[in-house]
Trainee: 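This structure is in structure tokens; I'll ask about it shortly.
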Amino acid sequence: MKKPVIGLTTYMATETYGWHTPELYIAAVVRAGGAPVLLPGYSHDGIDAWLEAVDGVVLIGGGDINPAHYGGDAQHPTLYGMSEARDATELALCRALLQHKVPTLAICRGLQVINTVLGGSLHVHLPDVVGEQVLHRSPERTPIPHGVEIDAGSRLAGLLGTQVTTASFHHQAIDRLGQGMKAVAWAPDGVIEAVELADQEQLVMVQWHPEITATEDGTQQGLFNWLVQAARQ
Ligand SMILES: [Mn+2]
């Protein structure tokens, strides 16, 4: 049986090394039985052709979306890693994924791009809003664990249960929910950690980083397994 082709978004490492995807995401897709291909954030000209070529998509994390796309403070001093090309590519890609209902796992920035496409907004820097009782990234800007409580009535709870430990690595999160978005998981400080759309059952969106712990944590690997299974159908 042919392996499902899973497209993964990318970010610019350096001009020399170009568009890449960290190995943790790729390894999790391979363990799940998918065949990974990378989708450069260079241009949104070929989205239709991409959708013909892939059976599913992982929207990976990375730098911040330019807050101009959701009416936020585009001068905030903590903004980092912004890319006009990547924003344009991923905003167009996400519109197409929603329209064609392509099986998709949206991680961290991926969730944020979909929320932006649907007219939602982000907290530009979480500590400004919720303080630092719960850390969502370490002071050294590395991942840090925190618990997440998942709504028992959600599709996500069907995949993960209602309590999970997550690898958190973000300084932004959803403020205003996009059209039709429902919050289904929260950190102990109330930050939204996952959302769902009622009419998009093939779409899972989490604010944390399942790829970081998926090697040891079968629950988090389960999200990638779910994606490849959905992509098979
Ligand atoms: Mn978090």
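We count ligands from 1, going down the list as the structure has it; atoms in each ligand are counted the same way.
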Trainee: Angle at the Mn ion (ligand 1): provide the value between OG of Ser168 and NE2 of His146, rounding to 10 degrees.
Mentor: 90°

Trainee: Ignoring hydrogens, what is the shortest heavy-atom contact between Pro210 and Ile107? Give both atom names and the distance.
Mentor: CG-CD1, 3.8 Å

Trainee: Identify, by name, the N, O or S atom of Glu193 lying closest to the Mn ion (ligand 1).
Mentor: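 Glu193's closest N, O or S atom to the Mn ion (ligand 1) is named OE2.
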
Trainee: Can you tell me how far CD1 of Ile174 sits from CG of Leu122, rounded to the nearest 0.5 angstrom?
Mentor: 7.0 Å

Trainee: Measuring from the Mn ion (ligand 1), name the closest N, O or S atom belonging to His136.
Mentor: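 Of all N, O or S atoms belonging to His136, ND1 is the one nearest the Mn ion (ligand 1).
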
Trainee: Side chains of Gln163 and Glu149: closer than 4.5 Å at any heavy-atom pair?
Mentor: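 Touching, per the 4.5 Å side-chain cut-off.
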
Trainee: Measuring centre to centre across the rings, with the benzene-like ring taken for any Trp, is His136 within less than 6.0 Å of Phe169?
Mentor: no

